Amino acid sequence: MPELPEVEIRRQYLETSSLYQPISHIDVEDNKLLTTNYATLLTTLVDRQFIGTQRVGKNLFVLTDQPDVIVHMHFGMTGDLEYYHNSINRPRFARIVFEFENGFNLGFLCPRKFERVGLIDDIDTFLQRKKIGKDGLAITLEELTERVRRKKALIKPVLLDQNVVAGLGNWIVDEVLFQAYIHPEQRADTLADEQMSQLHDAFRFVLETAIRYEATYRDFPIGFLIHVREWDDSPYDDVEAHKFCPRCKTRIERSVIGGRTTFYCPEEQVLL
DNA sequence: TTGACTGTTGTACT
DNA sequence: AAGTACAACAGTCA
């Protein structure tokens with residue numbers, strides 16, 4: 001479920017599994033998953049090695065031993081990585097496979113085909129072209145305040161906008177707003193200094209916690225709103241407890257804001 | 001069988 | 001210009 005923390009986990013995974021192994025071939029099941037012509041991808045990357053990684057928001061960049069050859073990966077809603085040895089072990093949905101000379105493979109799993117892989121020659125140029133904002137873990141309070149306050153839209157859609165700040169997705173925006181005691185429908189330009197400060201603190205808290213738990217939501221601390229989603233449709237009785245605010249026990253509200261399913265505590269996240 | 005879905009992009013309307 | 005709403009993408013899963 002690739003929001004910033006999941007992409008960070010995938011970055012670490014690629015970094016520890018797939019560097020310094022010459023690429024012998026790349027198998028692509030569906031060219032629609034590529035943002036670069038398949039023949040170009042092949043001739044450019046065969047005999048190259050991955051030498052490092054970088055992440056900005058939900059974008060993963062894989063550096064190669066040729067400085068102007070960089071692989072860009074976007075995981076869409078369901079993308080994942082799996083490093084495996086024998087082709088018999090090829091994971092389900094490994095629709096793009098980087099085959100290394102040592103017999104190992106890095107599979108890019110694309111269950112829904114919303115994922116994308118392609119070549120770029122410069123990260124900054126790419127980020128500028130796509131207007132990607134500062135990473136959620138790197139943005140300062142001042143930058144966040146400036147970017148949020150010049151928007152009149154609801155705070156939730158604003159935080160979801162990758163041009164404002166990069167890396168937050170639907171689940172994390174809800175969590176961040178919950179931790180910051182801010183209603184998802186408050187107008188972005190009406191946030192007080194104290195709210196901006198709470199918001200910025202919540203960014204770090206939620207993102208760092210998520211990464212620490214390797215983005216496995218069910219392991220998150222009990223004070224996290226995320227659990228109302230996790231067991232929303234569970235058949236078990238004790239699930240009811242998860243439908244209430246972990247702090248004040250009010251029933252969590254579910255609605256659609258900015259076209260996305262939204263959970264919030266109507267008692268603590270008051271509309272100002 | 002139906003509906004919902006973590007993301008992004010484009011279009012159309014206001 | 002900026003905000004809003006919505007569909008489309010293509011598949012899985014409950």
Side-chain angles (χ1 to χ4, degrees), chain A residues 1-10 28-35 55-60 72-82 91-96 107-118 126-127 129-133 135-136 147-178 184-191 206-207 209-211 213-220 224-236 239 254-264:
Chain A
M1 306 161 220
E3 302 188 34
L4 186 153
E6 292 96 331
V7 177
E8 174 60 19
I9 297 304
R10 285 153 178 67
V28 178
E29 184 187 298
D30 186 342
N31 285 353
K32 276 206 282 270
L33 299 167
L34 301 178
T35 53
R55 182 193 56 72
V56 177
K58 303 171 190 171
N59 300 279
L60 177 58
H72 169 247
M73 297 182 174
H74 194 288
F75 295 93
M77 289 217 262
T78 46
D80 205 353
L81 294 175
E82 192 169 329
R92 197 175 173 208
F93 311 129
R95 303 190 204 271
I96 298 177
F108 186 85
L109 281 50
C110 314
R112 280 176 68 183
K113 295 191 181 180
F114 276 17
E115 303 73 8
R116 292 294 178 267
V117 169
F126 175 86
L127 293 173
R129 183 167 55 80
K130 303 285 266 185
K131 298 192 178 73
I132 305 289
D135 187 82
R147 293 181 148 279
V148 165
R149 287 242 182 95
R150 70 180 177 207
K151 295 281 191 180
K152 288 192 174 73
L154 308 179
I155 186 63
K156 169 154 181 172
V158 166
L159 293 181
L160 240 18
D161 184 346
Q162 302 299 297
N163 304 337
V164 173
V165 52
L168 307 211
N170 199 32
W171 296 21
I172 289 187
V173 166
D174 280 3
E175 190 66 54
V176 163
L177 290 172
F178 174 73
E185 290 180 296
Q186 185 173 345
R187 298 273 159 188
D189 60 351
T190 67
L191 266 75
V206 171
L207 293 173
T209 303
I211 292 170
Y213 288 93
E214 298 188 334
T216 305
Y217 292 126
R218 66 175 173 282
D219 294 342
F220 287 8
F224 271 57
L225 180 70
I226 193 108
H227 300 296
V228 306
R229 290 171 181 271
E230 189 88 30
W231 291 291
D232 196 41
D233 299 317
S234 169
Y236 303 107
V239 182
R254 176 191 174 132
S255 62
V256 174
I257 297 172
R260 312 297 301 275
T261 298
T262 301
F263 293 92
Y264 64 95

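Since the structure is predicted, the reported quantities are computational estimates derived from the model, not experimental observations. Throughout, a chain's letter reflects where its sequence line sits, starting with A, and its residues are numbered from 1.
Atom CG of A:L154 and atom C1' of C:dG3 are 9 Å apart (whole Å). Rounded to a whole Å, the CG atom of A:N163 is 12 Å from the P atom of C:dA2. Distance A:L159 CG to C:dG3 C1': 16 Å, rounded to the nearest Å. Look at CG on A:L33: it is 18 Å from P on B:dG7, rounded to the nearest Å. Taking atom CG of residue A:D189 and atom P of nucleotide C:dA2, one finds them 13 Å apart after rounding to whole Å. In this structure, A:I257 atom CD1 and B:dC5 atom C1' are separated by 17 Å, rounded to whole Å. Rounded to whole Å, the distance from CG on A:D161 to C1' on C:dA1 is 15 Å. B:dC5 atom P lies 11 Å from atom CG of A:D174, rounded to whole Å.
Residue A:R260 places no side-chain N or O under 4.0 Å from the OP1 or OP2 atom of B:dA4. Phosphate contact (OP1/OP2 of B:dG7, side-chain N/O of A:Q162, threshold under 4.0 Å): absent. Residue A:H74 places at least one side-chain N or O closer than 4.0 Å to OP1 or OP2 of B:dT8.
Within the 4.5 Å cutoff, no side-chain heavy atoms of A:F93 are placed close to those of A:T78. Taking 4.5 Å as the limit, every side-chain heavy atom of A:M73 sits out of range of all side-chain heavy atoms of A:N59. Considering only heavy atoms from C-beta on, A:V165 stays 4.5 Å or farther from A:R147 through its side chain.
A donor-acceptor pair is defined here as one N or O able to donate and one able to accept, closer than 3.5 Å; such a pair exists between the side chain of A:E3 and the backbone of A:I172. Side-chain N or O atoms of A:D135 include one that pairs as donor or acceptor with a backbone N or O of A:G57 at under 3.5 Å.
With pairs defined as Watson-Crick or G-U wobble and both atom distances under 3.5 Å, the stems of at least three pairs that touch DNA chain B come out as B:2-5 with C:11-14, B:7-14 with C:2-9.
Across all strands, A:G169 comes closer than 4.0 Å only to sugar-phosphate atoms, never to a base (heavy-atom distances).
Under the rule for a side-chain contact (heavy atoms from CB on, under 4.5 Å), the partners of A:K156 that lie at least two apart in sequence or sit in another chain are A:L160, A:N170, A:V173, A:D174, A:L177, A:P184, A:I257, A:R260, A:T262. Every residue two or more places apart in sequence or in another chain that forms a ring pair (Phe, Tyr, Trp, His ring centres under 6.0 Å) with A:F224 is listed here: A:F205, A:F220. In this structure A:R112 satisfies the side-chain hydrogen bond (donor to acceptor under 3.5 Å, both in side chains) test with no other residue, sequence neighbours excluded.
Across every non-hydrogen atom of A:F263 and A:L225, the tightest pair is O-CD2, 3.5 Å. Across A:K58 and A:V7, no two heavy atoms sit closer than the pair O-CG2, 3.6 Å.
Once rounded to the nearest 0.5 Å, the distance linking NZ of A:K151 with CG of A:N163 reads 7.0 Å.
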Per-nt protein contacts along nucleotides 7-12 of chain C (heavy atom under 4.0 Å; B base, S backbone sugar-phosphate only, - none) come out as --BBBS
Extract from the structure each pairing of a protein N or O with an N or O of nucleotides 9-13 of chain B at less than 3.5 Å, listing the distance.
residue, atom, partner, partner atom, Å
B:dT9, OP1, A:K130, NZ, 2.7

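Remark: A:E214 CD is loosely packed, at most 12 non-hydrogen atoms of other residues, nucleotides or ligands lying under 6.0 Å away.
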